[in-house]
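Following: one structure in structure tokens, then a few remarks.
To find a chain, count down the sequence lines: A is the first, B the second, and so on, and within it residues start at 1. Because only heavy atoms are used, hydrogens play no part in the values below, and waters and symmetry mates are left out as well, while side chains stay in.
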There are 2 protein chains.
Amino acid sequence: MSAGRGRQRRATGHAGATGIDLGPLPGLLGYALRRAQLAVYQDFFRTFDKIKLRPAQLAVLVVVERNPGLKQAEVATALGIKRTNFVVLAHSLERRGLVERRASAHDRRSNALYITDEGKALSRKARQMLEAHEQRFAAELGEAEFGRLVAMLHRLADMEAR
Amino acid sequence: MSAGRGRQRRATGHAGATGIDLGPLPGLLGYALRRAQLAVYQDFFRTFDKIKLRPAQLAVLVVVERNPGLKQAEVATALGIKRTNFVVLAHSLERRGLVERRASAHDRRSNALYITDEGKALSRKARQMLEAHEQRFAAELGEAEFGRLVAMLHRLADMEAR
DNA sequence: TATTGTTATACTCTATAACTATA
DNA sequence: TATAGTTATAGAGTATAACAATA
């Protein structure tokens, strides 16, 4: 019996060593994602503490640098941020002189975003930190596996909902 | 020239199709993790809306079921939750009659946690939903790749900090 | 003294409603 | 009417400090 019993995914015995039975949790994608996300973000915060950049701030800086003149709403939706929450984010970067908001000429409702020279300088610094940050994880898995991991994550993120 | 130029990781062109240049973001582990985490959690919320269980609540239920009599602090640290934040979490499960808190006999400071019959019944329902939830993503990647993904995530999570 | 559970508190992230000024 | 930016607000998740009861 017990022929085609299907999926198993038993406790992978990953970590903790608390002796506590986590049951199916270690085999669950969401649980593994949360643990990895936590570790990677921790490393991000440690790495970028020197220049006080949070992940979302860095993402905005990068997008604005590569796409000068975008409207706030465009940057926001490109990054999956609600435009209402984007306001304070853009404000924080503007206050620090990293990004400029200019009222658009042909549509005076919208703010066009531009990176400043100071923003570009910080972006250069950030790129090096980013490289070191990424490299720590890429080295753990090897470049090839690392690439496959990132690709798989995007594939899951891009799945049709429903 | 350009011989050993090292890491590249250019835009993977994953999604969005907004025409906006995201630069290095799609190649970044943290960015990919955030996108995948979001998608998987969205699916979790949709799936478990019927029984109104959040990820952390389910995790506690599972751990308490498999390890009857654990102290609050033990469950909390096993799941990477601060004991101070665990209080409301345990309370929410107790109010719903899924879990019981009994004062420990030999250490009257601590609460021992036990799953109730109602909790067990919900846990059974949850297991089926969990199976469906997981299967959606496992089917997208295939079981083998899915397993490798989860293993890689735990490996990153278990890396030495520093 | 140290630990367990607890309260209070604060900060971030995310989400919704409603306003304003433009279009 | 619809859209861009904004404000206010509320809910989670996570963090620290401080306290009472107990060890």
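Rounded to an integer number of Å, the gap from CD of Gln37(A) to P of dC13(C) is 12 Å. When the C1' atom of dT14(C) is taken as reference, atom CG of Leu79(A) falls 15 Å away, rounded to whole Å. Across the protein-nucleic acid pair, Tyr41(A) atom OH and dT12(C) atom P stand 16 Å apart, rounded to whole Å. The separation between Asp49(B) atom CG and dA12(D) atom C1' is 16 Å, rounded to whole Å. Straight-line distance from the CG atom of Leu53(B) to the C1' atom of dA12(D): 16 Å, rounded to whole Å. Rounding to whole angstrom units, NE2 of residue His91(A) and P of dG5(D) are separated by 14 Å. Across the protein-nucleic acid pair, Arg102(B) atom CZ and dG5(C) atom P stand 15 Å apart, rounded to whole Å. The CZ-P distance, from Phe44(A) to dT12(C), rounds to 15 Å in whole Å.
For Lys50(B), there are no salt bridge (Lys or Arg N to Asp or Glu O under 4.0 Å) partners two or more places apart in sequence or in a different chain. With sequence neighbours left out, Asp49(B) forms a salt bridge (Lys or Arg N to Asp or Glu O under 4.0 Å) with Lys52(B). Partners of Arg136(A) by salt bridge (Lys or Arg N to Asp or Glu O under 4.0 Å), not counting sequence neighbours, listed by chain and number: Asp43(A). Arg102(B) is linked by a salt bridge (Lys or Arg N to Asp or Glu O under 4.0 Å) to Glu100(B), counting only residues two or more places apart in sequence or in another chain.
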Could you tabulate the donor-acceptor pairs under 3.5 Å formed by side-chain atoms of residues 80-93 of chain B, not counting sequence neighbours?
{"unit_1": "His91(B)", "atom_1": "ND1", "unit_2": "Arg101(B)", "atom_2": "NH2", "d": "2.5"}
{"unit_1": "Ser92(B)", "atom_1": "OG", "unit_2": "Gln57(B)", "atom_2": "NE2", "d": "3.1"}
{"unit_1": "Ser92(B)", "atom_1": "OG", "unit_2": "Leu89(B)", "atom_2": "O", "d": "2.7"}

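Taking the six-membered ring for Trp and thresholds of 30 and 60 degrees, Tyr41(B) and Phe45(B) have ring planes more than 60 degrees apart, a perpendicular arrangement.
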Quiz prompt | Contact pattern, 5' to 3', of nucleotides 13-23 of chain D - B, S or - by protein heavy atom under 4.0 Å | solution = SBBBB---BBS

